[in-house]
2 protein chains.
Amino acid sequence: MRSTGEKLSTYDSILDIAQRLIQSRGYNAFSFNDLAKELGIRTASIHYHFPTKADLGVALLRRYRQRFRQELAWIASNGGDSVSRLAQFAALFERTFKTDSQLCLCGMLGAEVTSLPKRVAAEVERFFSETELWLAHVLTSGKRAQLIAFSGSPRTQARMLIALLEGAMVVARGMRHNAYFQGMARSYLLKLKAA
Amino acid sequence: MRSTGEKLSTYDSILDIAQRLIQSRGYNAFSFNDLAKELGIRTASIHYHFPTKADLGVALLRRYRQRFRQELAWIASNGGDSVSRLAQFAALFERTFKTDSQLCLCGMLGAEVTSLPKRVAAEVERFFSETELWLAHVLTSGKRAQLIAFSGSPRTQARMLIALLEGAMVVARGMRHNAYFQGMARSYLLKLKAA
DNA sequence: GTCTATAAGATGATAGAC
DNA sequence: GTCTATCATCTTATAGAC
């Protein structure tokens with residue numbers, strides 16, 4: 001239990017900074033030196049907490065997946081219906097992008113996956129699998145309750161929504177057009193609503 | 001005019017290899033050494049053709065944009081209707097991904113844009129702007145001819161399709177699930193068809 | 001837990017010979 | 001156009017002192 005204002009451990013701070021750097025520059029474009037400079041310590045000290053860069057990557061993704069699972073659990077249990085859950089899901093991505101046009105951590109790493117340590121790549125894979133499963137479940141419930149209408153399998157529909165959100169971040173960045181996100185997720189979700 | 005079997009110039013070969021490497025690993029994960037090894041020459045020789053890595057990036061993106069424009073021009077002029085044009089557009093991306101699960105060059109660079117030389121980033125931006133414009137035009141024609149139905153602006157709809165395709169590539173890669181693409185673009189295009 | 005010192009290797013880049 | 005030689009810099013990582 002962490003009380004308000006308590007100073008973060010070096011371990012946690014390293015993960016925080018690494019996450020921000022990866023979401024904005026990518027795994028291959030941040031270094032132990034970047035972390036060391038921001039923290040005001042030496043790179044050797046980073047290696048004390050994370051022996052290799054791959055170890056840091058794995059730890060970061062484990063934390064990221066756990067936090068994301070918690071967000072999904074909260075959305076699933078806060079009383080909203082399926083339509084509202086999808087909107088809240090999309091809002092998670094919108095919120096991330098609003099911060100300095102940051103990508104989803106796994107969106108970035110998905111693009112870079114070929115040049116990533118295998119253990120890190122495996123964590124990325126798990127993130128998408130879990131997310132797809134959760135979304136497919138929401139879509140299935142929504143369809144059964146006749147709140148949502150779509151053709152094809154819930155899994156394909158889940159994939160479309162994830163791809164749309166991840167892609168929207170990538171393209172919005174590529175175009176350096178921050179309002180890009182605005183209409184898009186909304187447009188898509190509107191179409192899912194049963195008439 | 002290049003006759004069949006004519007040997008590629010070193011200049012062109014460099015661009016070819018660089019493109020493949022960026023589409024599979026990213027701009028920050030390929031080096032002049034990678035190019036040199038594949039070509040059987042030294043890195044100094046690469047610098048003769050492209051003084052800096054940024055120069056190489058800009059030249060590559062100019063060529064990529066030009067080729068992409070030609071593909072779009074062909075699609076616009078080969079007699080198909082709007083629905084067929086959208087399908088052919090999506091097929092361009094599907095084809096790219098089928099080759100060793102490569103990303104769209106600008107999808108990859110869009111993700112990496114924050115750590116890219118400014119001149120390179122500017123080329124990425126142009127790619128997306130041009131593509132969006134072309135797609136919006138096709139969508140507008142299709143709607144006018146009552147072949148396509150959608151709500152919202154053609155531009156938003158164009159963005160959705162681009163985001164969906166770019167995102168699908170990123171996520172399919174992240175999941176190392178090559179069949180991911182299969183249903184998705186198809187599902188989306190089906191929904192666009194006027195009843 | 002953090003430091004200094006150090007290592008081995010990669011990277012983008014240049015000068016000048018052939 | 002390609003080479004050798006060389007450069008400064010960065011990068012991940014380790015050993016051992018404090």
Side-chain angles (χ1 to χ4, degrees), chain A residues 2 6-22 24-61 63 108-109 112-121 123, chain B residues 2 6-22 24-61 63 108-109 112-121 123:
Chain A
R2 198 178 301 290
E6 188 180 332
K7 205 169 140 253
L8 282 174
S9 68
T10 303
Y11 183 94
D12 290 328
S13 298
I14 292 170
L15 290 182
D16 288 347
I17 300 171
Q19 181 171 337
R20 176 168 44 77
L21 290 177
I22 295 178
S24 75
R25 300 191 216 156
Y27 183 90
N28 295 309
F30 95 97
S31 69
F32 275 52
N33 195 25
D34 296 325
L35 302 172
K37 264 196 227 151
E38 277 207 49
L39 282 163
I41 59 177
R42 304 285 157 167
T43 60
S45 310
I46 316 268
H47 281 285
Y48 168 79
H49 297 282
F50 304 98
T52 70
K53 196 179 181 182
D55 290 322
L56 171 54
V58 170
L60 177 57
L61 279 169
R63 191 183 76 164
M108 177 63 89
L109 295 176
E112 289 183 299
V113 88
T114 315
S115 60
L116 254 35
K118 279 195 197 340
R119 285 181 298 149
V120 178
E123 294 293 330
Chain B
R2 196 179 302 289
E6 188 181 331
K7 203 169 143 257
L8 283 173
S9 69
T10 302
Y11 183 96
D12 290 327
S13 298
I14 292 170
L15 290 182
D16 288 348
I17 299 170
Q19 182 172 335
R20 176 167 45 77
L21 290 177
I22 295 177
S24 73
R25 296 191 220 157
Y27 183 89
N28 294 309
F30 95 98
S31 70
F32 276 52
N33 196 26
D34 295 325
L35 302 172
K37 264 195 228 154
E38 277 207 49
L39 283 162
I41 60 177
R42 305 283 158 171
T43 60
S45 310
I46 315 269
H47 281 285
Y48 168 79
H49 297 282
F50 305 97
T52 70
K53 196 179 180 184
D55 290 321
L56 170 53
V58 170
L60 176 57
L61 279 169
R63 191 183 76 163
M108 176 65 88
L109 295 176
E112 289 183 299
V113 87
T114 314
S115 59
L116 256 36
K118 280 196 191 353
R119 285 182 297 148
V120 178
E123 295 293 331

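Chain naming here is simple, since letters A, B, ... match the order of the sequence lines and numbering starts at 1 in each. In this text the structure is predicted, and so the values were computed from the model without any measurement.
Regarding contacts with the backbone of C/dA10, every side-chain N or O of B/N33 stays at 4.0 angstrom or more from both OP1 and OP2. Within the 4.0 Å cut-off from OP1 or OP2 of C/dG1, not a single side-chain nitrogen or oxygen of A/T10 is found.
In this structure, the CG atom of A/L35 is 13 Å from the P atom of C/dT2, given to the nearest Å. Straight-line distance from the OH atom of B/Y27 to the C1' atom of C/dG12: 10 Å, rounded to whole Å. Rounded to an integer number of Å, the gap from A/Y48 OH to D/dA13 P is 18 Å. In this structure, CG of A/D55 is placed 13 Å from P of D/dT12, rounded to the nearest angstrom. Atoms CG (B/L56) and C1' (C/dA13) sit 14 Å apart, rounded to a whole Å. Put simply, CG on B/D34 is 14 Å from C1' on C/dG9, counting in whole angstrom units.
Within the 4.0 angstrom heavy-atom criterion, no nucleotide atom of any strand lies near B/F50. Among the protein residues, A/Y11 comes within range of no part of the nucleic acid, since none of its heavy atoms lies under 4.0 Å from any strand. Residue-level contact check: B/F32 touches the backbone only, with heavy atoms under 4.0 Å from sugar-phosphate atoms and none from bases.
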Can A/R25 and A/D34 be said to form a side-chain contact (heavy atoms from CB on, under 4.5 Å), step by step? CA-CA 12 Å; A/R25 300 191 216 156; A/D34 296 325; 3.2 Å; yes

Derivation and outcome, side-chain contact (heavy atoms from CB on, under 4.5 Å), residues B/S115 and B/N28: CA-CA 8 Å; B/S115 59; B/N28 294 309; 2.9 Å; yes

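Taking the side-chain contact (heavy atoms from CB on, under 4.5 Å) definition, one finds that A/T114 meets it with B/R173, sequence neighbours left out. Taking B/R42 as the reference, nothing meets the salt bridge (Lys or Arg N to Asp or Glu O under 4.0 Å) condition, with sequence neighbours excluded.
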Identify each atom pair where a protein N or O and an N or O of nucleotides 14-18 of chain C are less than 3.5 Å apart, giving names and distance.
none

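The nucleotide whose nearest atom lies closest to any side-chain atom of A/R42 is, among C/dC3, D/dT12, C/dG1, C/dC3. Picking from C/dT2, D/dT2, C/dG12 the nucleotide with the shortest atom distance to the side chain of B/I41 gives D/dT2. In this structure, of C/dG12, D/dG1, D/dT12, it is C/dG12 that holds the atom nearest to the side chain of B/K53. Picking from C/dG12, D/dA13, C/dT2 the nucleotide with the shortest atom distance to the side chain of A/S45 gives C/dT2.
Taking the six-membered ring for Trp and thresholds of 30 and 60 degrees, A/Y11 and A/H49 have ring planes more than 60 degrees apart, a perpendicular arrangement.
Between B/D55 and B/T52, the side chains place a donor N or O and an acceptor N or O closer than 3.5 Å (distance only, hydrogens not considered).
Ion pairing between a basic and an acidic side chain is recognised when a charged N comes within 4.0 Å of a carboxylate O; B/K7 and B/D12 show no such pairing.
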